[in-house]
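As a basis for the values below, the full set of heavy atoms in this structure was taken, side chains included, without hydrogen atoms, waters or symmetry mates.
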Amino acid sequence: MAEPSSVSPESSWTARVDSTFSDNGLDPALFVESRRKGSIASRANSIGSTSASSVPNTDDEDSDYQQEAYKEIYKDRRRRAHTQAEQKRRDAIKKGYDDLQSIVPTCQQQDFSIGSGKLSKAIVLQKTIDYIQFLHKEKKKQEEEVSTLRKDVMALKIMKINYEQIVKAHQDNPNEGKNQVSDQVKFNVFQGIMDSLFQSFNASISVTSFQELSACVFSWIEEHCKPQTLRDIVIGVLQQLKSQLY
């Protein structure tokens, strides 16, 4: 019994290639070498592609990490800017209240109802409002006083013009008024009338209280300031000063 052949598939394939290429007049060794190189190249490409697919893409990860870092830096800067702006706003408000408390006089006065502690913002605002209202009232009062003074000035100007006209008339006619009563005589007549009235006033008026003074003044005017009574007083004074009049 014959033993089975132990020829390998590779040897059988090589023998078939040799037979085929020998029949066609070609060198079978060249084909084998070319096939071997192609197998090696395909294996290398397979290994390279496998290795490339197994290695992670480090460039994309670095880009994502940088973007996240930039975002955190941007958020941190915005947070610091917001904190600084808020602090500036609070400082400005505090300075405003401090300025009000130093300017408004009523804020500097000690309020015993709240003790010696620092005034609250609400109290500072209320005192400031009250002081502004007081200033408005004072301004209105001063404007009324100024208006009254302007009217007085206008009246004085009119009186000045009238007196200037009188003086000019006397200067144009210097002889006029030589026979008139002198100022001293006029003053003596006026003094005599006032002395007589004062004597009756002093005897009739009580100054114990304002109520009594008011009641006595009205009764004295009705009794001693009647036209007939004043005429008698003037006649009596003129008779006493008769020697000075002529």
Side-chain angles (χ1 to χ4, degrees), residues 99-113 119 123-246:
D99 292 341
L100 284 177
Q101 190 168 354
S102 62
I103 293 173
V104 178
T106 53
C107 291
Q108 300 175 4
Q109 298 175 357
Q110 186 177 3
D111 193 347
F112 295 99
S113 62
L119 297 178
I123 295 177
V124 172
L125 287 177
Q126 186 60 48
K127 287 182 175 291
T128 303
I129 293 172
D130 295 340
Y131 185 65
I132 292 174
Q133 292 176 348
F134 167 76
L135 291 179
H136 279 300
K137 292 180 180 179
E138 287 295 316
K139 180 183 177 183
K140 185 177 180 181
K141 182 179 178 181
Q142 291 177 357
E143 289 176 350
E144 292 176 353
E145 292 178 355
V146 169
S147 178
T148 302
L149 291 174
R150 286 177 179 173
K151 293 178 181 179
D152 293 342
V153 170
M154 184 61 65
L156 291 173
K157 287 181 179 180
I158 294 173
M159 294 174 63
K160 178 176 178 292
I161 293 172
N162 292 332
Y163 278 113
E164 288 176 351
Q165 293 176 355
I166 294 173
V167 171
K168 187 176 182 302
H170 283 290
Q171 290 175 352
D172 294 340
N173 300 306
N175 295 325
E176 184 179 357
K178 286 184 177 180
N179 297 325
Q180 293 181 356
V181 179
S182 64
D183 292 337
Q184 182 63 38
V185 175
K186 293 178 181 178
F187 175 77
N188 292 335
V189 172
F190 179 78
Q191 184 180 12
I193 295 172
M194 291 298 103
D195 288 342
S196 177
L197 291 174
F198 178 75
Q199 291 176 1
S200 62
F201 180 86
N202 189 33
S204 304
I205 300 302
S206 173
V207 293
T208 305
S209 64
F210 180 77
Q211 185 176 1
E212 292 183 2
L213 175 63
S214 301
C216 294
V217 165
F218 287 115
S219 61
W220 174 79
I221 291 174
E222 291 179 357
E223 181 178 355
H224 297 278
C225 294
K226 294 178 181 179
Q228 182 63 36
T229 304
L230 293 176
R231 189 185 67 175
D232 294 341
I233 293 174
V234 172
I235 292 174
V237 172
L238 293 177
Q239 289 177 353
Q240 293 177 0
L241 300 175
K242 185 176 180 181
S243 61
Q244 297 181 9
L245 295 175
Y246 300 102

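No donor-acceptor pair under 3.5 Å is formed between the side chain of T229 and the backbone N or O of C225. Between the S196 side chain and the I193 main chain, no donor and acceptor come within less than 3.5 Å of each other.
To the nearest 0.5 Å, atoms OG (S204) and NE2 (H224) are separated by 4.0 Å. Rounding to the nearest 0.5 angstrom, the gap separating the OG1 atom in T106 from the CG atom in L119 is 9.0 Å. Atom SG of residue C216 and atom CD of residue Q211 lie 10.5 Å apart, to the nearest 0.5 angstrom. Distance check, rounded to the nearest 0.5 Å: CG of L156 to CG of L149 gives 10.5 Å. Atom-to-atom distance recorded for K139:NZ and I132:CD1 is 12.5 Å, nearest 0.5 angstrom. If you take CD on E138 and OH on Y131, they are separated by 9.5 Å, rounding to the nearest 0.5 Å.
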- request: Apply side-chain hydrogen bond (donor to acceptor under 3.5 Å, both in side chains) to the pair Q184 and N188, showing each step before the final yes or no.
  value: CA-CA 6 Å; Q184 182 63 38; N188 292 335; 3.3 Å; yes
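Side-chain atoms of V234 and R231, non-hydrogen and from C-beta on, never get closer than 4.5 Å to each other. Between L230 and L197 there is a side-chain heavy-atom pair separated by less than 4.5 Å. Looking only at side-chain heavy atoms (C-beta outward), Q133 and D130 come within less than 4.5 Å of each other.
Contact record, C107 with Q101: CB-O, 3.6 Å, taken as the closest heavy-atom pair.
Within the structure, salt bridge (charged side-chain N to carboxylate O under 4.0 Å, His left out) contacts touching residues 141-166 (residues at least two apart or in different chains) are K160-E164.
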